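Comments concern the structure below.
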Amino acid sequence: QVQLVESGGGLVQAGGSLRLSCAASGRTFSINAMGWFRQAPGKEREFVAAVAWSGGSTYYADSVKDRFTISRDNAKNTVYLQMNSLKPEGTAVYYCAAGRSIGSITTPRGTNYWGQGTQVTVSS
């Protein structure tokens with residue numbers, strides 16, 4: 001099993017920035033990619049960004065491209081999500097995700113492990 005623990009959520013004004021962190025522990029050798037999803041009230045969970053452990057290739061949802069940056073620290077088994085120019089529609093619970101490939105964790109079905117989620121609220 002792999003455990004994921006997120007941190008860094010909070011309340012921010014529109015146009016502001018936040019950085020989320022997610023630390024992985026346990027059988028981390030079984031995962032090759034980590035990423036982030038978000039879920040707003042009454043909506044489905046949607047993919048935000050992902051990064052591959054080997055090589056560091058990244059993939060973003062169109063809605064966050066050029067505003068969000070995902071990065072990883074392999075030595076710490078930690079992934080980060082730097083969120084800039086936040087919009088009110090970005091208000092959601094943000095979930096850390098881990099899986100076997102960057103391709104597989106772009107959908108909830110392809111994700112093997114989830115964190116508990118961290119609330120991000122963007123005020124207008």
Side-chain angles (χ1 to χ4, degrees):
Q1 290 294 321
V2 174
Q3 294 77 42
L4 305 175
V5 179
E6 302 109 329
S7 61
L11 173 64
V12 65
Q13 289 188 333
S17 299
L18 279 176
R19 189 175 85 150
L20 306 182
S21 301
C22 175
S25 61
R27 299 171 63 88
T28 56
F29 58 83
S30 67
I31 60 176
N32 296 300
M34 290 181 67
W36 295 90
F37 285 74
R38 65 187 180 187
Q39 188 167 18
K43 295 188 176 181
E44 294 185 351
R45 192 169 296 191
E46 65 173 359
F47 170 76
V48 175
V51 61
W53 279 127
S54 177
S57 58
T58 57
Y59 186 68
Y60 296 92
D62 288 342
S63 59
V64 306
K65 203 173 292 183
D66 298 326
R67 297 187 298 117
F68 290 11
T69 302
I70 190 169
S71 60
R72 90 266 192 242
D73 184 332
N74 290 41
K76 296 181 179 180
N77 288 326
T78 298
V79 65
Y80 305 96
L81 185 68
Q82 178 66 42
M83 304 185 293
N84 298 329
S85 302
L86 282 161
K87 303 177 180 180
E89 52 264 41
T91 294
V93 177
Y94 283 70
Y95 294 93
C96 182
R100 292 181 173 82
S101 72
I102 193 172
S104 67
I105 68 166
T106 57
T107 66
R109 180 175 294 184
T111 297
N112 299 96
Y113 302 100
W114 295 99
Q116 81 283 359
T118 185
Q119 178 70 45
V120 172
T121 302
V122 185
S123 63
S124 57

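Note that this is a predicted model, so its numbers are computed, not measured.
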Side chain proximity check, Val79 to Val51, heavy atoms < 4.5 angstrom: yes

Quick check: does any side chain N or O of Ser30 sit under 3.5 Å from a backbone N or O of Thr28, one acting as donor and the other as acceptor? no

Contact between Glu46 and Arg38 at the side-chain level, heavy atoms closer than 4.5 Å - yes or no? yes

Quick one: OG on Ser85 to CZ on Arg67, what's the gap to the nearest 0.5 Å? 6.5 Å

Side-chain (Thr91) to main-chain (Val122) donor-acceptor, under 3.5 angstrom: yes

On a heavy-atom basis, which atom in Phe37 and which in Arg45 lie closest, and how many Å separate them? CB-CG, 3.7 Å

Parallel, tilted or perpendicular for Tyr95 and Trp114, by the 30°/60° rule? perpendicular

Side-chain heavy-atom pair Met83, Val120 within 4.5 angstrom cut-off: yes

Evaluate side chain to side chain contact (heavy atoms under 4.5 Å, CB included) for Ser17 paired with Gln82, printing each intermediate quantity in order. CA-CA 7 Å; Ser17 299; Gln82 178 66 42; 3.9 Å; yes

Please tell me if the side chains of Gln1 and Tyr113 come closer than 4.5 Å, counting only heavy atoms from C-beta onward. yes

Strictly distance-based, threshold 3.5 Å: is any side-chain N or O of Thr106 a donor or acceptor partner for the main-chain N or O of Ile102? no

Any Cys96 side-chain heavy atom under 4.5 Å of Met34 side chain: yes

Gap separating the CG atom of Leu4 from the CD atom of Gln116, nearest 0.5 angstrom: 8.5 Å

Does the ring centre of Tyr60 sit less than 6.0 Å away from the ring centre of Phe47? no

Check the pair Tyr80, Leu20 against side chain to side chain contact (heavy atoms under 4.5 Å, CB included), reporting the backbone distance first and the verdict last. CA-CA 6 Å; Tyr80 305 96; Leu20 306 182; over 6 Å; no

As an exercise, state the distance from CG of Asn84 to CZ of Phe68, rounded to the nearest 0.5 Å. 8.5 Å

If I take atom OG1 from residue Thr69 and atom CZ from residue Arg19, how far apart are they, to the nearest 0.5 angstrom? 11.5 Å

Taking Trp53's backbone N and O only, do any of them form a donor-acceptor pair with Arg72's side chain (distance below 3.5 Å, no angle check)? yes

Please test Asn32 against Ser101 for side chain to side chain donor-acceptor pair (under 3.5 Å), starting from the C-alpha separation and ending with a verdict. CA-CA 5 Å; Asn32 296 300; Ser101 72; over 6 Å; no

Within 6.0 angstrom of Tyr59 OH, more than 12 heavy atoms from elsewhere: no

dist Cys22:SG -> Tyr94:OH (nearest 0.5 Å) comes out at 15.0 Å

Do the non-hydrogen side-chain atoms of Asn112 and Ile31 ever get within less than 4.5 Å of each other? no

Closest heavy-atom pair and its distance - Gly35, Ile105: N-CD1, 3.6 Å

Gln39 side-chain N/O to Val93 backbone N/O, donor-acceptor pair under 3.5 Å: no

